[in-house]
Trainee: 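Have a look at this one before I ask anything.
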Amino acid sequence: MRIPDFNEARTRDKREYKRLVGKYNGKKYFIKTYGCQMNEHDSEVISALLEKLGFERVDNYLDADLVLLNTCSIRENAHNKAFGMLGRLKHLKLDKKDLIIGLTGCMAQEASVVDEILRDYKFVNFVCGTHNLNELPSIIDKSIESNKQQIEVYSREGDLYEGLPVVRTNNYKAYVNIIYGCDKFCTYCIVPYTRGRERSREKEDILAEVDELIKDGYKEITLLGQNVNAYGKDLYDDYNLGNLLEDIALKDIPRVRFMTSHPWDFNDKMIEVIGKYKNIMPSVHLPVQSGSNKILKLMGRRYTRESYLELFHKIKDTVPGVAISTDIIVGFPGETEEDFLETMSLVEECKYDNAFTFIFSVRRGTPAEKIKDNTSLSEKEERLQRLNEVVNKYFLENNQKLVGTVLNVLVEGVSEKKDMYYGYSDTNKLINFTSSKELMPGDLVDVEITSAKTWSLDGKVK
Ligand code: SAH
Ligand code: SF4
Ligand code: F3S
């Protein structure tokens, strides 16, 4: 792997780019995105790069000349899904020799995956890492021209690239990256290795992007980062997520969201700002991972059950009507039944509005790989099931409390059954609803809630 000179890379890329614009007119591409919102947004950038080259998007990989997998490494099943897809593509390529297959995203940053691709997946034409997406056009071009496998992965992050094109998935809500990477090094997590250190975008660049989105009529902006609460630390002494949220809230944008928040970097100014502005959505994703101090320490999470709960209640008390969601891992190495019961009791206390629950998945090269694990998979599965029963109970209970209230909803479209519209409330709840007036995606409407389910609410436009 080579260490880049980013200044050189930048100028060279511009020149190369010009040469490549429209070169592949008429060719078709298919992109499959795994993983988190960061990857979804990267796919929007990748799509724009490909479309500049002339590629046109198709929804079925069988119709494509270029298939790109934008991968995720967070848990083993994400890995397996991508390798499963590669298996299918291998067969397809037997019939379709000119098919170009590429891999981007977090798996591309894993040395062991790259080794495996080089050794066992020779039909993969290129691998492009998360730190050099800007080079994707020339990597694709080289792999088509030379017919040789191209592996371009930087092991170290460099500068941020501003000004890359983007094809937004829709025209009413948009992702805006504010910080890349993660410095937290939770002992189970692969992200700091695949996404590099925390690097904030300059506030001027972010605000300019937001202005552009407002001009284009966007209604909702989600500020993205693996840990948005660390925003600005690497750039400014006195400008953090609270300041950025405030600067954006003062603009003419109806909805601002942000994710994900690490409890460690959450300060009072941020909570105050979230509570103060109506257009900052009262919805906070605050991953707890475990309710046991012993396990939190082994995970390297930098907070205790007590300090987490203090923060949780401060947010609840300061932000009117806030919905708090979380992530929880069960079966971390060393987790006993007692530790697990501490997670259960924390959930009983927090009564989350939403929760993503996972069984610990060992990631190669992370410190948790070395911690002794005595718990069987079936026991972990049983814990997950018990946990899910409790979290689901609270989703339903929280939703039932909303029956009879009126929620503001951003319309997304018509539901699968075609008899209702659907959209998300300010607290990020899925609402299915009827309306006598015809609505368009991107409309904001007040919906009276008529009934509650575990994962959604039904209602009608007032
Ligand atoms: N940056 C976010 C989380 C990003 S990953 C944060 O820390 O708040 C999303 C979630 O995946 C994590 O919160 C965690 O619950 C889960 N996760 C990460 N690594 C995992 C692993 N090795 N096994 C199981 N779940 C994992
Ligand atoms: Fe992973 Fe922890 Fe960073 Fe979240 S904060 S991305 S869990 S290392
Ligand atoms: Fe997955 Fe990478 Fe996101 S590992 S969760 S795609 S940052």
Trainee: Without swapping roles, check the side chain of D458 against the backbone of T450 for a donor-acceptor pair under 3.5 Å.
Mentor: no
Trainee: Hey, could you give me the NZ/CD1 distance between K380 and I329, rounded to the nearest 0.5 Å?
Mentor: 10.5 Å
Trainee: Taking all non-hydrogen atoms of both residues into account, name the closest pair between E348 and V390 and its distance.
Mentor: OE2-CG1, 3.5 Å
Trainee: Is the distance between the ring centroids of F395 and Y352 less than 6.0 Å?
Mentor: no
Trainee: If you apply the rule side-chain hydrogen bond (donor to acceptor under 3.5 Å, both in side chains), what do you find for H285 with N354, and how did you get there?
Mentor: CA-CA 9 Å; H285 189 61; N354 203 356; over 6 Å; no
Trainee: Quiz question: by atom type and distance under 3.5 Å, do the side chains of Y175 and E40 form a donor-acceptor pair?
Mentor: yes
Trainee: Checking side chain to side chain contact (heavy atoms under 4.5 Å, CB included) against T71, which of M107, H79, E110, Q109 comes through?
Mentor: M107
Trainee: Between R168 and E209, is there a side-chain N and carboxylate O pair less than 4.0 Å apart?
Mentor: yes
Trainee: Is the cationic atom of K203 (NZ for Lys, CZ for Arg) positioned less than 6.0 Å from the six-membered ring centroid of Y236 and within 45 degrees of its normal?
Mentor: yes
Trainee: Show your working on side-chain contact (heavy atoms from CB on, under 4.5 Å) between L244 and L207 and close with a plain yes or no.
Mentor: CA-CA 8 Å; L244 182 68; L207 295 172; 4.3 Å; yes
Trainee: With rounding to the nearest 0.5 angstrom, report the NE2 to OG1 distance, H41 to T169.
Mentor: 9.5 Å
Trainee: Taking it one step at a time, do T33 and N39 satisfy side-chain hydrogen bond (donor to acceptor under 3.5 Å, both in side chains)?
Mentor: CA-CA 7 Å; T33 310; N39 252 17; over 6 Å; no
Trainee: Any donor and acceptor pair, going by atom type alone, linking the side chain of E76 with main-chain N or O of S361 inside 3.5 Å?
Mentor: no
Trainee: Going through the checks in order, is the salt bridge (Lys or Arg N to Asp or Glu O under 4.0 Å) test met by K278 and D426?
Mentor: CA-CA 10 Å; K278 276 218 145 27; D426 51 359; over 6 Å; no
Trainee: Run the numbers on L430 and W455 for side-chain contact (heavy atoms from CB on, under 4.5 Å), then give the verdict.
Mentor: CA-CA 7 Å; L430 174 60; W455 286 286; over 6 Å; no
Trainee: How close do S290 and L296 get, counting heavy atoms only, and between which atoms?
Mentor: O-CD2, 3.5 Å
Trainee: Under the 3.5 angstrom rule, does the side chain of N279 hit a backbone N or O of I253 as a donor-acceptor pair?
Mentor: yes
Trainee: Using only atom types and a distance under 3.5 Å, with no angle test, would you say the side chain of S415 pairs donor to acceptor with the backbone of M420?
Mentor: yes
Trainee: For the backbone of P367 and the side chain of T187, can you confirm whether one donor and one acceptor N or O come within less than 3.5 Å of each other?
Mentor: no
Trainee: May I ask you to say whether D265 pairs ionically with K233, meaning some side-chain N is under 4.0 Å from a carboxylate O?
Mentor: yes
Trainee: Between R305 and E342, is there a donor-acceptor pair closer than 3.5 Å when you use the side chain of the first and the backbone of the second?
Mentor: yes
Trainee: Determine whether E246 and K276 satisfy the following criterion, salt bridge (Lys or Arg N to Asp or Glu O under 4.0 Å), listing intermediate values before the conclusion.
Mentor: CA-CA 9 Å; E246 188 154 42; K276 183 170 163 193; 3.5 Å; yes
Trainee: Report the C-alpha separation of E389 and K393 in whole Å, then their side-chain angles, then the decisive distance to 0.1 Å, and conclude whether the salt bridge (Lys or Arg N to Asp or Glu O under 4.0 Å) test is met.
Mentor: CA-CA 6 Å; E389 273 165 31; K393 180 181 87 183; over 6 Å; no
Trainee: Passes side-chain hydrogen bond (donor to acceptor under 3.5 Å, both in side chains), K269 versus N240? Steps please.
Mentor: CA-CA 9 Å; K269 161 89 184 169; N240 61 37; over 6 Å; no
Trainee: As a quick check of understanding, evaluate salt bridge (Lys or Arg N to Asp or Glu O under 4.0 Å) for E338 and K294, giving each step before the final call.
Mentor: CA-CA 11 Å; E338 275 108 64; K294 183 189 98 190; over 6 Å; no
Trainee: Is the NZ or CZ atom of K32 positioned over F30's six-membered ring, under 6.0 angstrom from the centre and within 45° of the axis?
Mentor: no
Trainee: Please check this pair: side chain of N398 against backbone of K351, looking for a donor-acceptor N/O pair closer than 3.5 Å.
Mentor: yes
Trainee: Please determine whether side-chain contact (heavy atoms from CB on, under 4.5 Å) holds for the pair V284 and F266, giving the CA-CA distance in whole Å, both sets of side-chain angles, and the decisive distance to 0.1 Å.
Mentor: CA-CA 11 Å; V284 178; F266 224 123; 3.8 Å; yes
Trainee: Would L50 and V167 count as a side-chain contact (heavy atoms from CB on, under 4.5 Å) if you check the C-alpha gap in whole Å, the side-chain angles of each, and the deciding distance to 0.1 Å?
Mentor: CA-CA 10 Å; L50 294 176; V167 182; over 6 Å; no
Trainee: For S283 and N428, which heavy atoms make the closest approach, and how far apart are they?
Mentor: OG-CB, 3.8 Å
Trainee: Using atom types as modelled and distance alone, determine if a side-chain donor or acceptor of N132 lies under 3.5 Å from a backbone N or O of E152.
Mentor: yes
Trainee: Kindly give the heavy-atom pair with the smallest separation between L396 and K453, and that separation in Å.
Mentor: CD1-C, 3.5 Å
Trainee: Okay, side chain of Y308, backbone of L286: is any donor-acceptor separation there less than 3.5 Å?
Mentor: yes
Trainee: Using the rule given for side-chain hydrogen bond (donor to acceptor under 3.5 Å, both in side chains), can you reason through S325 versus D353, listing the C-alpha separation, both sets of side-chain angles and the distance that settles it, and then say yes or no?
Mentor: CA-CA 5 Å; S325 54; D353 279 275; over 6 Å; no
Trainee: Given C186, which partner from the list R302, Q289, M299, R301 fulfils the side chain to side chain contact (heavy atoms under 4.5 Å, CB included) test?
Mentor: R301
Trainee: Do the side chain of D339 and the main chain of T336 share a donor and acceptor less than 3.5 angstrom apart?
Mentor: yes
Trainee: Would you name the heavy atoms of T194 and S73 that are closest together and state the gap between them?
Mentor: CG2-OG, 4.1 Å
Trainee: Can you name the nearest heavy-atom pair linking T343 to G291, along with the distance?
Mentor: OG1-N, 3.0 Å
